[in-house]
Amino acid sequence: MFYQPVIGLEIHCELKTKGKMFCGCPNNPDEVRANFNVCPVCLGHPGTLPVINRRAAESVLKLGLALGGRISSVSHFDRKSYFYPDLPKGYQISQYQQPLVKGGNLNGVRITRIHLEEDTGTLSHDKDNHTLVDFNRAGIPLMELVTEPDIKNAEEAVAFAKELRLILRYLGISGANMEKGEMRIEVNISVSQDDKLGVKVEVKNLNSFKAVEEAIKCEIQRQTAILERGEKIVQETRGWNEAKRETVSQRFKEESHDYRYFPEPDLPPLDLTEFRLEESKHSLPELPAEKRIRFEKEYGLTAIQTEIIIEDIRVVKYFEEAAGELKFQILNSPATRDTAQQDKFQILYNYLTSDLFGLMAEQGIALKDLKIVPKQLAELVGLIIENEISSRIAKDVLKEMFLTGLSPRQIVQEKELSQISDVGEIENVVKKIIAENLKAVEDYKKGKENILQFLIGKAIADLRGRGNPEVIKKIFKKLI
Ligand code: ADP
Ligand code: ZN
Ligand code: MG
């Protein structure tokens, strides 16, 4: 029998703000000294008062606008009470009734809400089995995005989460690295045979996209098997056991009334009309979906090529800067104006993603430490298009640029690498090659076509790669 899986996601992301959500402590996820970024407010001392970090609220509003959500005119915070050693106050300040954002859509999945809360501290266990608590993370602004149960399978769930991560990074509001815990995904899964929703199970502790995918697949199988045996699914929270690759029961799901939500008495309602939403809307950066369309149209890149560029915002910046330079060079050079626009961007794309990324991977250099600036890469592409250098030489020039940071023109001049267009010089070399390879020339005359390639290769080697293969070929044909 076929069971239709239904999935809804709850995604938490730490926001990149200077300070914490309700106090002035630095928000530094990389702090290694335990309990260093703490104060009476984020340690939950009695009598202290929280103050709302407006930047954090702004970040959530930006995301809301980017996803087409409705921004409430007033929003307020609530206390969510529960006991856990990483939660010093005994409650978390969160939002229940009036989240900052309601509605919206991403990848065809409806967004239920996006709200703001504070992160908890972290627990660790030492070798004597003591539990240690670090409150550096306590009070870091945390947004939570909840989706409607619109997702049909593991692949769609992962695609949704990856697209969200990309948008968060484009907006610059979260690093959204799952391995650093900056982005945490909980999945709710049910299966059913009719259009009524089945009983859902929530899976936590998913620390990678792979875990999300595997946990969903595994849970669909487990639930389907239970229903096929004629048994019932219990609503519960399960964890993901990475080693065994299975979900394991943790606890039976608490209902929201267990948390005793009530309006946070220490904070005033947040008047969102003060946030100049129209302005924010206009200042949103170009988002990945728009970029995809433009890249294919403007640069003639394929969908796959586009994806390789846009999945990293730093690569996007680099590519666009180089492409802009290239456009400018083309406009100013009569020699290259007639080469099809899009071929130029293809050459740029290839040199960036295969040659340059290849060198970077080989030498362990990150884009931010790269000596070659986008303008120089564009200049190299210009030299290739203008037939100033052969593509074989271009690879050597790129390597030299990579090591020295010098401009390609300078390297070509200093090393005398530009293509020899002087026919006389090439003719002399071709004559010499013919004289040295009389047997091969005879064979060629008898009809062994591919011998010509061999002879051209010899001439190119003699010219140290600087001869234009097309010109050399013509001269061979003329002289033989
Ligand atoms: P709870 O009150 O248990 O937290 P919510 O209604 O707030 O439940 O939903 C939490 C998440 O679970 C949402 O992402 C929602 O889309 C998803 N969800 C709700 N019901 C189901 C279901 N029957 N199957 C799968 N996901 C569901
Ligand atoms: Zn603090
Ligand atoms: Mg809920």
Side-chain angles (χ1 to χ4, degrees), residues 3-12 17-28 31 35-45 48-53 56 80 82 88-89 93-97 99 102-106 109-115 117-121 134-141 144-154 156-157 160-161 164 184-204 206 212 215-216 219-220 222-224 227 232-238 251-259 261:
Y3 288 90
Q4 176 60 54
V6 171
I7 299 155
L9 302 176
E10 292 167 283
I11 304 183
H12 284 93
T17 50
K18 275 213 192 83
K20 288 190 180 180
M21 188 61 228
F22 298 114
C23 62
C25 290
N27 168 4
N28 177 11
E31 180 56 65
N35 295 304
F36 190 74
N37 294 326
V38 292
C39 74
V41 175
C42 55
L43 288 175
H45 288 192
T48 55
L49 283 175
V51 177
I52 298 170
N53 180 338
K80 180 182 184 181
Y82 65 94
K89 293 197 290 280
I93 304 180
S94 179
Q95 295 191 298
Y96 185 56
Q97 299 279 19
K102 287 183 186 163
N105 192 298
L106 176 61
V109 176
R110 287 169 299 158
I111 311 288
T112 314
R113 55 187 275 143
I114 314 174
H115 73 245
E117 55 192 35
E118 53 180 339
D119 211 346
T120 60
D134 176 5
F135 289 117
N136 281 341
R137 202 182 72 175
I140 282 184
E144 178 174 352
L145 178 149
V146 181
T147 78
E148 291 294 301
D150 284 351
I151 298 168
K152 297 277 175 270
N153 56 49
E156 274 179 36
F160 178 93
L164 178 66
R184 294 166 236 157
I185 302 176
E186 284 150 28
V187 300
N188 297 271
I189 307 157
S190 67
V191 299
S192 75
Q193 271 188 299
D194 44 37
D195 24 311
K196 274 186 269 144
L197 287 174
V199 175
K200 77 173 162 112
V201 166
E202 181 175 354
V203 185
K204 292 188 180 238
L206 301 166
V212 169
I216 292 174
E219 193 56 26
I220 290 171
R222 191 187 69 87
Q223 292 182 20
T224 304
L227 294 178
K232 286 205 160 63
I233 309 286
V234 215
Q235 181 167 343
E236 61 178 338
T237 299
R238 297 176 73 88
R251 58 193 150 99
F252 295 105
K253 176 80 182 155
E254 52 290 275
E255 301 282 339
S256 52
H257 61 247
D258 295 330
Y259 292 120
Y261 280 103

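For ligands, and for the atoms within them, numbers begin at 1 and follow the listed sequence.
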- Task: Check which protein N, O or S atoms are less than 2.8 Å from the Zn ion (ligand 2) and report how many there are.
- Result: 4

- Message: For Ile151, is there any backbone N or O sitting under 3.5 Å from a side-chain donor or acceptor partner on Glu156?
- Response: no

- Item | Residue pair Ile93 / Met21, side-chain heavy-atom distance below 4.5 Å | no

- Task: Under 4.0 Å from a heavy atom of Pro149: give me the atoms of ligand 1 that qualify, with their elements.
- Result: 16 (O), 26 (N), 27 (C)

- What do you reckon, is CG of Asp194 surrounded by more than 12 foreign heavy atoms closer than 6.0 Å? yes

- Task: Report the member of Thr147, Leu145, Asp150 with the shortest heavy-atom distance to atom 14 (O) of ligand 1.
- Result: Thr147

- Task: Applying side-chain hydrogen bond (donor to acceptor under 3.5 Å, both in side chains), name anything that partners Lys102, two or more places apart in sequence or on another chain.
- Result: none

- What about Ile189: any of its N or O atoms under 3.5 Å from an N or O on ligand 1? no

- Message: If the test is side-chain hydrogen bond (donor to acceptor under 3.5 Å, both in side chains), which one of Lys20, His12, Arg137 qualifies with Asp119?
- Response: Arg137

- Would you kindly say whether Glu148 and Thr112 are connected by a side-chain donor-acceptor distance under 3.5 Å? yes

- Quick one: look at Leu9 and ligand 1, take heavy-atom pairs under 4.0 Å, and tell me if it's side chain, backbone, both or neither. backbone

- Does Asn35 use its side chain to pair, donor to acceptor, with the backbone of Phe135 at less than 3.5 Å? yes

- Item | Steps toward side-chain contact (heavy atoms from CB on, under 4.5 Å) verdict (Val199, Lys232) | CA-CA 9 Å; Val199 175; Lys232 286 205 160 63; over 6 Å; no

- Message: Taking 4.0 Å as the limit for heavy-atom contacts, which would you say applies to Val146 with ligand 1: side chain only, backbone only, both, or neither?
- Response: side chain

- Query: What atoms in ligand 1 come closer than 4.0 Å to a heavy atom of Glu148?
  - Reply: 16 (O)

- Out of Glu10, Lys200, Gln235, indicate the one that has the non-hydrogen atom closest to atom 27 (C) of ligand 1. Lys200

- Parallel under 30°, tilted from 30 to 60°, perpendicular over 60°: which one fits the rings of Tyr82 and Tyr259? perpendicular

